Amino acid sequence: KRLVRIVYKVHKVCKVHKVTCFIDFMNFMNLIFFVMKKIGILGFQGAIIEHERQIKAIGHEPVIVKYPEQLEEIDGIILPGGESTTMGKILNRTGLMEPLRGKIQSGLPVWGTCAGMILLAKELVNDSVTHLGVMDIAVRRNAYGSQIDSFATKKVIPAVDSKEIELVFIRAPYITSVKDGVKILCELDGHIVAAEEKNMLVTSFHPELTDNTAFLKYFVSKI
Ligand code: GLN
């Protein structure tokens, strides 16, 4: 306890004098209380470094996942935004599709952002090819139009945070319907844009492109 207090004081003094502290306080706390989680990020394509930055910022360890063996060392995994068709093809080509599906089905916590949501959906209403197909949601790809129809807005998502969160939509999908067992977390203009089912969490938007880590903390709280 004394050690923690000393590190905290050093950290505060460094902050006041705008000195970069050599010990990251959050990392240190997580390390000594054994709460540091290894959070995988599917590492083929898309918003990988943005998730990596946020994971580090809240004191956990990011692992860029490209090989099936890496699934054994992580506590949860993020499927980032990007291009779902491309990611689906690479998942198949690298042999990661089957083991990843198996891990998720046996309880590995997963958060799909945007293209990640598409990868997880059991049904795609405007595409005949599904990918992991593990979550009981039907999803419309590019539901808001093309790249130039991308937008940002703000909203309170009560399950996640009492404060407003910035929601960034980039050629985003939305959920058109859900089956029993899926909890809706956020709707925008009558469309479902965040939901969860057991160990699976999905968002149409990109919290990792903002400075707000509330959504990531919410995901980590489920691990
Ligand atoms: N439109 C992309 C797709 O269908 C998703 C866009 C994103 O992840 N920002 O895969």
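As the structure lists them, so they are numbered: ligands from 1, and atoms in each ligand from 1. Predicted model only: the values in this text are computed from it and were never measured. All values below come from the heavy atoms of this structure, side chains included, with hydrogens, waters and symmetry mates left out.
In this structure, the side chain of N92 does not engage the main chain of K89 through any donor-acceptor pair within 3.5 Å.
Using bins of under 30°, 30° to 60° and over 60° for the plane-to-plane angle, the ring pair F151/Y144 lands in the perpendicular bin.
Hydrophobic clustering places V202 together with L132 (ILVMFWY residues linked when any side-chain heavy atoms are closer than 4.5 Å, directly or through intermediates).
Scanning both residues, P158 and V156, for their nearest heavy atoms gives CD-O, 3.5 Å. Between T203 and W111, the closest heavy-atom pair is OG1-NE1, 3.2 Å.
Using a 4.0 Å cut-off between charged side-chain N and carboxylate O, E72 and K103 make a salt bridge.
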Could you list, one pair per line, each nitrogen or oxygen of ligand 1 together with any protein nitrogen or oxygen closer than 3.5 Å, giving atom names and the distance rounded to 0.1 Å?
residue, atom, partner, partner atom, Å
ligand 1, 1 (N), N142, OD1, 2.6
ligand 1, 1 (N), R171, O, 2.9
ligand 1, 4 (O), R141, NE, 2.8
ligand 1, 4 (O), R141, NH2, 2.8
ligand 1, 8 (O), G82, N, 2.9
ligand 1, 8 (O), G82, O, 3.2
ligand 1, 8 (O), A115, N, 3.0
ligand 1, 9 (N), I170, O, 2.9
ligand 1, 9 (N), H206, NE2, 3.0
ligand 1, 10 (O), S84, N, 2.7
ligand 1, 10 (O), S84, OG, 2.7

